[in-house]
2 protein chains.
Amino acid sequence: MNFIDHIRTFFPISDAAAEELVSKSRLASFSRHSLLHREGDVCNVLWFVEKGIVRWYYIDEDGRDITDWFASENSFVTAFDSFFQRKPSRYFIETLEDCDLYSMTYGDLESSFNRFPEIDRLSRVILLQILEEQLAKNSALQFRKASQRYRFIIEKHPDLLRRVSLGHIASYLGITQETLSRIRARRS
Amino acid sequence: MNFIDHIRTFFPISDAAAEELVSKSRLASFSRHSLLHREGDVCNVLWFVEKGIVRWYYIDEDGRDITDWFASENSFVTAFDSFFQRKPSRYFIETLEDCDLYSMTYGDLESSFNRFPEIDRLSRVILLQILEEQLAKNSALQFRKASQRYRFIIEKHPDLLRRVSLGHIASYLGITQETLSRIRARRS
DNA sequence: TAAATTTTTTGACGAAAATCAAAACGGCCT
DNA sequence: AGGCCGTTTTGATTTTCGTCAAAAAATTTA
């Protein structure tokens with residue numbers, strides 16, 4: 001499934017606009033643990049995960065590596081604090097598995113915006129999806145104890161448990177790796 | 001300052017599009033503790049806070065009232081999980097003070113999207129601002145202890161402390177009111 | 001395959017915060 | 001002023017989780 005097929009599951013894009021996006025994007029492979037984007041840089045690329053999994057993280061004031069988000073098959077990723085606003089990012093993005101990713105540069109996307117207003121609208125829809133997931137994550141974690149946070153992963157993102165190391169998942173949930181390990185032990 | 005002036009601080013909207021937005025919006029007053037939107041409804045209105053403060057909250061599975069967000073002067077508010085996607089919301093929205101709010105319906109906004117692609121783009125920019133604040137809030141709270149969360153409010157939203165009751169702020173920060181009160185006592 | 005590295009688990013302990021309950025405070029009304 | 005309401009503070013106790021440290025398991029590398 002290429003990314004146009006995916007887009008068409010939630011947005012009715014015209015053939016002409018689809019053509020435009022395809023012509024501006026390219027598919028490339030990355031081995032695991034490739035750093036796609038680093039903190040401080042302005043992110044110029046929007047990726048679409050065709051295969052593999054990517055995480056999006058930052059280093060907090062105490063030097064901890066904290067995962068904010070995972071993106072696996074059929075997800076768009078970029079440094080959302082940077083890409084659209086053209087300013088330096090707080091985030092790193094790295095592959096966790098060998099990945100096949102479509103990419104598109106900001107410049108190309110911007111010219112597509114101008115030629116196809118529907119692409120502008122599409123990007124709004126994608127941002128809304130991201131925002132909504134972010135809100136859902138928040139309310140799943142805020143005020144919840146560790147075992148309830150773990151349940152969120154089990155119910156909403158069970159695949160992550162198989163594909164991602166516990167340390168990353170723990171920081172994503174806002175708990176320590178040890179606590180996560182213990183919770184997991186006492187109720188499979 | 002009306003909302004067009006505010007928009008122009010971050011987005012160069014044309015006079016024609018501005019006219020369109022102004023013609024579609026209306027200003028109204030609400031007394032404090034008005035419920036603007038309730039869980040389960042599809043939200044049809046986008047508000048802009050001219051004066052006053054509004055909170056956006058949900059009731060979690062344990063029946064707790066949890067504030068997700070505050071919007072004060074020069075902010076847009078709607079049920080972001082509902083308004084653009086036309087589906088029932090999980091959120092309530094209520095005024096905390098007497099408010100003057102501009103409002104615009106979804107139908108009017110949608111027809112404006114079609115007539116002015118730049119309004120489409122504007123909505124994307126606004127969503128990005130919301131998303132970015134949401135991300136900032138997350139990283140300010142995740143893995144942080146109560147005193148650090150309190151510091152986030154002091155540094156980023158000091159006005160809230162004066163205008164909003166402690167209980168709402170505590171749930172916004174993901175801590176209990178008692179803990180917040182104690183933190184506050186031991187270091188003014 | 002063995003050695004080395006990384007990841008996960010386990011244990012003991014202490015710190016932080018939730019909970020329950022009650023008192024103090026402040027504003028508002030008559 | 002006095003009484004009533006909602007909000008904030010304080011106290012005592014319990015639970016949860018983080019921290020530090022080390023062992024066990026799994027994965028990678030040579």
Query raised in the report: Does OP1 or OP2 of dC17(D) have a side-chain N or O of Thr179(A) closer than 4.0 Å?
Result: no

Report task. Tell me what Arg32(A) touches on the nucleic acid: a base, only sugar-phosphate, or nothing, going by heavy atoms under 4.0 Å. Result -> sugar-phosphate

**Report entry** Proximity to the side chain of Thr176(B) - top-ranked nucleotide from dT9(D), dC17(D), dA18(C)
**Finding:** dA18(C)

Query raised in the report: CD of Glu97(A) versus C1' of dT27(D): gap in Å, rounded?
Result: 15 Å

Query raised in the report: Are Asn44(B) and Thr105(B) close enough that a side-chain donor and a side-chain acceptor fall under 3.5 Å?
Result: no

**Report entry** Presence of donor-acceptor pair under 3.5 Å, side chain of Arg186(A) and base of dT16(D)
**Finding:** no

Query raised in the report: Within 45 degrees of the axis of the six-membered ring of Tyr106(B) and under 6.0 Å from its centre: does Arg86(B) put its NZ or CZ there?
Result: yes

Report task. State, without any angle test, whether Arg38(A) and Ser89(A) hold a side-chain donor-acceptor pair at a distance under 3.5 Å. Result -> no

Report task. Name the residue closer to the 5' end of DNA chain D, choosing between Leu180(A) and His33(B) according to the nucleotide with the nearest heavy atom. Result -> His33(B)

Query raised in the report: So, Ser139(B) and Arg90(A): side-chain donor and acceptor under 3.5 Å apart, yes or no?
Result: yes

Requested in this report: With the side chain of Gln177(B) defined as its heavy atoms from C-beta on, choose the nearest nucleotide among dT19(D), dT19(C), dT8(D).
Outcome: dT8(D)

Query raised in the report: Ile183(A) has an atom CD1; how far is it from atom P of dT9(C), in whole Å?
Result: 12 Å

**Report entry** Nearest-nucleotide pick for Leu166(A), side chain only, options being dT10(C), dT10(D), dT9(C)
**Finding:** dT9(C)

Requested in this report: Rounded to the nearest angstrom, tell me the gap between atom CZ in Arg64(A) and atom P in dC20(D).
Outcome: 11 Å

Query raised in the report: When the nearest nucleotide of DNA chain C is assigned to Arg144(B) and to His168(A) on a heavy-atom basis, which residue is associated with the more 5' position?
Result: His168(A)

Query - Separation of dT19(D) C1' from Asp62(A) CG (nearest whole Å) - result: 14 Å

**Report entry** Any side-chain donor near an acceptor of the partner, Glu118(A) and Ser14(A), under 3.5 Å
**Finding:** yes

Query raised in the report: Does Arg184(B) have a side-chain nitrogen or oxygen under 4.0 Å from the phosphate oxygens OP1 or OP2 of dT9(D)?
Result: yes

Query raised in the report: So what does Ser165(B) hit on the nucleic acid, given a heavy-atom distance under 4.0 Å: a base, only sugar-phosphate, or nothing?
Result: sugar-phosphate

Query raised in the report: Under 4.0 angstrom, heavy atoms only, what part of the nucleic acid is Ile175(B) near: base, sugar-phosphate, or nothing?
Result: sugar-phosphate

Report summary line: Closest to the side chain of Lys145(B), out of dT9(C), dC17(D), dA16(C), is dA16(C)

Query - In one Ile/Leu/Val/Met/Phe/Trp/Tyr side-chain cluster, 4.5 Å: Trp69(B), Leu46(B) - result: yes

**Report entry** Heavy-atom donor-acceptor pair, Arg182(A) side-chain to dG18(D) base, under 3.5 Å
**Finding:** no

Query - Interatomic distance, Tyr150(B) OH vs dA17(C) C1' [rounded to whole Å] - result: 17 Å

Report summary line: Rounded to whole Å, the CG-C1' distance (Asp65(B) to dT7(D)) equals 15 Å

Query - Phe143(B) CZ to dA16(C) C1', straight-line distance once rounded to whole Å - result: 15 Å

Query raised in the report: Taking CD from Glu178(A) and P from dA25(D), how many angstroms apart are they, rounded to a whole number?
Result: 18 Å

